Number of protein chains: 2
Amino acid sequence: MSKLASQVGTSTDTLRYYERIGLLPEPDRSPAGYRLYGDDAADRVRFIKRAQRFGLRLEEIGELLQIREQGLCPCGRTKRLLEERVAELSEEMAALQRLRDDIEQMLDEHLPGADGDGWQCGSSLIQIGRRPNTERGNHRECF
Amino acid sequence: MSKLASQVGTSTDTLRYYERIGLLPEPDRSPAGYRLYGDDAADRVRFIKRAQRFGLRLEEIGELLQIREQGLCPCGRTKRLLEERVAELSEEMAALQRLRDDIEQMLDEHLPGADGDGWQCGSSLIQIGRRPNTERGNHRECF
DNA sequence: CTACGGGTTGGAGTTAACTTCAAGGTCAAG
DNA sequence: CTTGACCTTGAAGTTAACTCCAACCCGTAG
């Protein structure tokens with residue numbers, strides 16, 4: 001199980017949680033009761049992760065997975081909503097660009113050429129853009 | 001207060017929450033104690049929203065705002081983290097594109113030309129990509 | 001005047017998405 | 001046979017980010 005977890009960059013707990021809420025189908029088991037995943041499982045989890053970054057909630061992602069895999073259509077309205085959401089993507093990406101520009105400007109203006117340490121630290125901890133669980137590289141030791 | 005809230009698309013509660021946790025400075029008050037915001041407030045909230053879509057936590061956004069407005073540098077490491085995060089942006093946007101392609105493919109394959117209603121609804125509710133608070137257009141009445 | 005739609009507060013409640021826990025079973029290495 | 005790293009379960013706990021509540025004040029319209 002931790003094999004799949006590390007493949008897709010989550011914890012085993014998260015995988016079991018996804019299974020509980022129905023995002024992952026119950027996998028086959030070994031004689032001892034251990035979960036045995038196929039390759040599709042990794043795909044599925046990666047789809048979930050992508051959809052999360054896209055701003056969808058797990059419940060909504062579950063519906064998408066149903067559509068994707070069974071051709072099950074919740075209703076005509078759903079199609080419209082999906083289309084709207086897809087249409088919003090370019091606006092979304094433009095916003096990302098704007099934020100990146102903001103941040104790059106900050107880097108230029110306020111942190112010119114400071115590549116190492118030795119700065120006055122007025123602020124405690126910062127660790128950018130990683131959900132608290134994400135494992136490797138605990139950059140948190142600002143002090 | 002609700003004027004600013006509707007300008008930036010949040011609730012007054014959220015604005016007061018941001019103020020409580022230090023993301024928004026305490027604004028001037030009218031004689032009666034009402035909050036009086038300047039235009040910079042809207043800018044600030046919009047920056048917060050963008051940064052949230054970017055995947056940052058409010059605590060981290062607070063640090064960014066400090067850097068942005070006071071040139072205060074938490075430490076050298078922060079610069080590196082910011083740069084890393086900025087560098088991740090293109091990967092992020094590529095992932096978004098991939099997801100959009102997934103969704104568009106689903107639309108093509110499973111929902112061909114169904115523009116209206118009258119479909120069999122096998123699934124309960126879906127409302128794509130909007131945080132529960134976001135107000136206008138309650139498409140939730142799938143049934 | 002009262003009604004009504006705003007505003008104010010502190011604190012409590014909610015939601016999504018994990019995360020941890022206790023208590024145990026499995027299994028290859030030493 | 002024991003140690004240690006894995007796996008199992010249901011249930012309870014945690015965290016971030018709101019969201020709601022009671023109880024009150026302000027200002028205008030009728």
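Every chain is numbered from 1 and lettered A, B, ... according to where its sequence line falls, protein lines coming before strand lines. Note that this is a predicted model, so its numbers are computed, not measured.
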*Side-chain N or O of B/T12 closer than 4.0 Å to phosphate OP1/OP2 of C/dG7*: no

*Roughly, in whole Å, what's the span from CD in B/E19 to P in D/dA17?*
17 Å

*Name the one of B/L56, B/L58, B/L64 that satisfies side-chain contact (heavy atoms from CB on, under 4.5 Å) with B/E60?*
B/L56

_Position toward the 5' end of DNA chain D (nearest nucleotide), B/D13 or A/S2_ = A/S2

_Once rounded to the nearest 0.5 Å, what's the spacing between atom OG1 of A/T14 and atom CZ of A/R20?_
10.5 Å

_Between C1' on D/dA5 and NZ on A/K3, what's the gap in Å once rounded to a whole number?_
17 Å

_For a quick test of reading the model, state the closest non-hydrogen atom pair linking A/I48 to A/I61 and the distance between them._
O-CD1, 3.7 Å

*asked:* Could you check whether any side-chain heavy atom of B/R44 comes within less than 4.5 Å of a side-chain heavy atom of B/Y18, counting everything from C-beta outward?
replied: no

*Using whole Å, report how far CG of A/L15 lies from P of D/dT9.*
13 Å

*Can you list, by residue number, the residues of residues 28-46 of chain B that have a non-hydrogen atom closer than 4.0 angstrom to DNA chain D?*
B/A32, B/Y34

*Taking the nucleotide of DNA chain D with the closest heavy atom to each, which residue, B/I21 or B/R16, is nearer the 5' end?*
B/I21

*Choosing from C/dT19, C/dT8, D/dT19, which nucleotide comes nearest the side chain of B/M1?*
C/dT8

*Do B/L4 and B/Y34 share a hydrophobic cluster (ILVMFWY, side-chain heavy atoms under 4.5 Å, transitive)?*
no

_Between C1' on D/dC18 and CG on B/L58, what's the gap in Å once rounded to a whole number?_
9 Å

*Within the structure, does a side-chain N or O atom of A/Y18 lie under 4.0 Å from either OP1 or OP2 of C/dC18?*
yes

_Rounded distance in Å - CZ (B/R20) to C1' (C/dA12)_ = 10 Å

*Measure the distance from OH on A/Y17 to C1' on C/dT20 and round it to the nearest whole Å.*
15 Å

*Round to the nearest Å and state the distance from A/E60 atom CD to C/dA17 atom C1'.*
14 Å

_Carboxylate-amine/guanidinium proximity below 4.0 Å for A/R35 and A/E26_ = no

*Calculate the interatomic distance between A/E59 atom CD and C/dA16 atom C1'; express it in whole Å.*
10 Å

*Residue pair B/V8 / B/K49, side-chain heavy-atom distance below 4.5 Å*: no

